[in-house]
Amino acid sequence: MTGGTPKTSITEYWEPKIIPWMSSGEVNKRRITKTDNLISEKGLNNSSARWVKEKSVLIALAGQGKTRGTVAINNIPLTTNQSIAAIVPEKVLHYEFIFQNLIKRYDELRMISSGDGTRGGLNKQIISEVIIPFPDKIEQIKIGNLFCSIDDTITLHQRKLDKLKLLKQGYLHQLFPKNDEEVHSIRFAYFENKWEQRKLGDLLTKNSKKNKDLNVTNVESVSNKTGFTKQTEQFEDYSVASADLSNYYVITEKQFAYNPSRINVGSIAYKAVGDDKSVVSPLYVSFSTKKLLNDGYLWNWFKTTSFQSQRKRLSEGGVRDTLSFNQLSEMLINVPEYLEQEKIGSFFKQMDDAIALYQLKLDKLKSIKQSLLQKMFI
């Protein structure tokens, strides 16, 4: 069955807020314990919204992006909008088994959607014709419980990862004072010297080393999400051998690079100690720090609101914002003595390592689950 939406123009249908009402976008929560919206008794009685029994399988019939075909389980009785179909399992079927089966068949559900495959939609008729092979109820429950346990572990790791990322953001605000602030929220013990405000250009050296001898063939670009990214991985048909790399900049340990003419400029990549040497297009700006500025300290300063606010002010307007090295050099940065910079950089490096470890564990768990889904469901 599908639901409905009370008229938003009638306040009495939405006040008082009593009955849980779910929109299609909320299926991405996977396990529904509460809804973003509530409707009134009048809203329920004067619309196509219907109560959905607890432990039903909910599937998005439409929605933005990847929502269509996504499934969820409601752990509470609720009502839904018309873009969600509720599958209420019969006694011979277990809700968790159906839920996991349909998770595995996400791509299949999108392919059989009506429409052109990109703006199409599912409907009750399509859903009713989906065939789900199933074993006896006891085996269904065991399979469902296995995947439910994996989901719980994934959720736990995701929460830990999110908390660690949030904690890092908090420390970035506290350890890096704004340009107009002299009082620090927190500092490491035994550091009391006053910080200095310097022009970034006084502390940076622009990289001018070209790959003239063609010794380096590892070509990289800068990604907003992953930093330095090998172009052989980013572009399937990319051929390093066919490219003239003699004019490319060589990037070594502790160096930075960014694209000065890219939307959302400020996505700066950093080559950490131990990373492979590479080259980047001459369209990029590459630089390193002088002895007075610690590279780890600078790398984390680029993630602060102080950098972002100055970037917006200094970058040239238009459809594609730009930020030249000269403009970057005009930015002001507060710097403590070098040992304190080093301490701050090392602290965030440890946090980044912990975040990367949690992310790795999370990715492995998701990979294990996907493999089991492929093996255990026909």
Side-chain angles (χ1 to χ4, degrees), residues 155-205 224-228 253-258 264-275 287-315 323 327-362:
T155 299
L156 179 63
H157 277 72
Q158 185 66 62
R159 285 175 181 168
K160 289 181 178 179
L161 179 61
D162 292 342
K163 284 183 179 179
L164 197 54
K165 288 179 178 179
L166 191 62
L167 185 63
K168 180 185 175 182
Q169 287 301 313
Y171 279 124
L172 282 171
H173 287 297
Q174 292 176 306
L175 283 169
F176 288 94
K178 295 180 181 178
N179 289 341
D180 58 350
E181 290 180 340
E182 293 186 3
V183 180
H184 302 72
S185 298
I186 55 174
R187 290 183 76 175
F188 288 105
Y190 312 116
F191 291 106
E192 298 179 353
N193 291 339
K194 188 177 180 180
W195 289 34
E196 295 182 9
Q197 188 174 85
R198 304 286 298 272
K199 269 193 175 184
L200 200 54
D202 296 335
L203 304 172
L204 300 180
T205 300
N224 289 349
K225 294 182 179 180
T226 59
F228 284 114
E253 294 178 350
K254 298 185 177 183
Q255 289 189 326
F256 302 80
Y258 73 96
N264 201 20
V265 68
S267 301
I268 297 177
Y270 169 67
K271 182 136 328 246
V273 175
D275 287 353
F287 58 90
S288 56
T289 58
K290 294 180 180 179
K291 290 183 178 180
L292 293 175
L293 182 60
N294 178 266
D295 53 290
Y297 176 86
L298 178 64
W299 173 231
N300 285 284
W301 181 80
F302 281 135
K303 302 168 188 175
T304 66
T305 54
S306 176
F307 167 71
Q308 293 298 336
S309 61
Q310 293 187 77
R311 179 194 66 76
K312 291 178 181 179
R313 178 174 57 84
L314 291 170
S315 62
L323 184 70
Q327 290 170 315
L328 178 70
S329 298
E330 289 298 313
M331 290 188 180
L332 298 175
I333 180 173
N334 287 322
V335 290
E337 61 181 279
Y338 192 86
L339 286 177
E340 189 172 0
Q341 293 179 45
E342 200 171 39
K343 185 78 172 178
I344 292 171
S346 177
F347 172 75
F348 283 112
K349 174 66 166 58
Q350 291 177 355
M351 292 202 76
D352 286 340
D353 289 344
I355 288 171
L357 181 61
Y358 271 112
Q359 187 65 62
L360 181 62
K361 289 180 178 179
L362 188 60

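Quick caveat, the model's predicted, so the values are computed rather than measured.
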Apply side chain to side chain contact (heavy atoms under 4.5 Å, CB included) to K160 and L164, showing your working.
-> CA-CA 6 Å; K160 289 181 178 179; L164 197 54; over 6 Å; no
Can you see which heavy atom on [X] is nearest to which on [Y], and at what distance?
X: N334; Y: Q197; answer: OD1-CB, 3.4 Å
X: R187; Y: N193; answer: NH2-O, 2.9 Å
X: L332; Y: S306; answer: O-OG, 4.5 Å
X: I186; Y: L175; answer: O-CD2, 3.7 Å
X: K254; Y: S288; answer: O-CB, 4.1 Å

Exam field: side chain [X] to backbone [Y], donor-acceptor pair closer than 3.5 Å:
X: Q341; Y: L292; result: yes
X: Q327; Y: L314; result: yes
X: E253; Y: G274; result: yes

Does [X], at its [atom1] atom, have more than 12 non-hydrogen atoms belonging to other residues, nucleotides or ligands within less than 6.0 Å?
X: K291; atom1: NZ; answer: no
X: F347; atom1: CZ; answer: yes
X: K349; atom1: NZ; answer: no

Do K303 and Q169 pass the side chain to side chain contact (heavy atoms under 4.5 Å, CB included) test, and can you show the C-alpha distance, the side-chain angles, and the key distance before you say yes or no?
-> CA-CA 9 Å; K303 302 168 188 175; Q169 287 301 313; 5.6 Å; no
Min side-chain heavy-atom separation [X]-[Y] under 4.5 Å:
X: E330; Y: R313; answer: no
X: T289; Y: N294; answer: no
X: F287; Y: L203; answer: no
X: L328; Y: L204; answer: yes
X: M351; Y: L172; answer: no

Ring centres of Y270 and F302 under 6.0 Å apart?
->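 Distance test on ring centres: not under 6.0 Å, no.
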Distance flag, aromatic centroids of Y297 and F176, threshold under 6.0 Å | yes
I need the [X] [atom1] to [Y] [atom2] distance, nearest 0.5 Å.
X: E196; Y: E337; atom1: CD; atom2: CD; value: 10.5 Å
X: T305; Y: Q310; atom1: OG1; atom2: CD; value: 10.0 Å
X: Q350; Y: D353; atom1: CD; atom2: CG; value: 7.5 Å
X: S309; Y: M331; atom1: OG; atom2: CE; value: 8.0 Å

Residues K168 and D352 bridged, charged N to O under 4.0 Å =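 Result for this pair is yes, salt bridge flagged.
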Quick one: which of W195, F307, F256 gives a ring pair (Phe, Tyr, Trp, His ring centres under 6.0 Å) with W301?
-> F307
For side chain to side chain contact (heavy atoms under 4.5 Å, CB included), just list the numbers for L362 and L161, CA-CA rounded to whole Å, side-chain angles, deciding distance to a tenth of an Å, and then say yes or no.
-> CA-CA 9 Å; L362 188 60; L161 179 61; 4.0 Å; yes
Just one of K165, Q158, R159 clears the side-chain hydrogen bond (donor to acceptor under 3.5 Å, both in side chains) bar with D162, so which one?
-> Q158
Only counting residues at least two apart or in another chain, list the ones meeting side chain to side chain donor-acceptor pair (under 3.5 Å) with K343.
->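 Result, side chain to side chain donor-acceptor pair (under 3.5 Å) vs K343: none returned.
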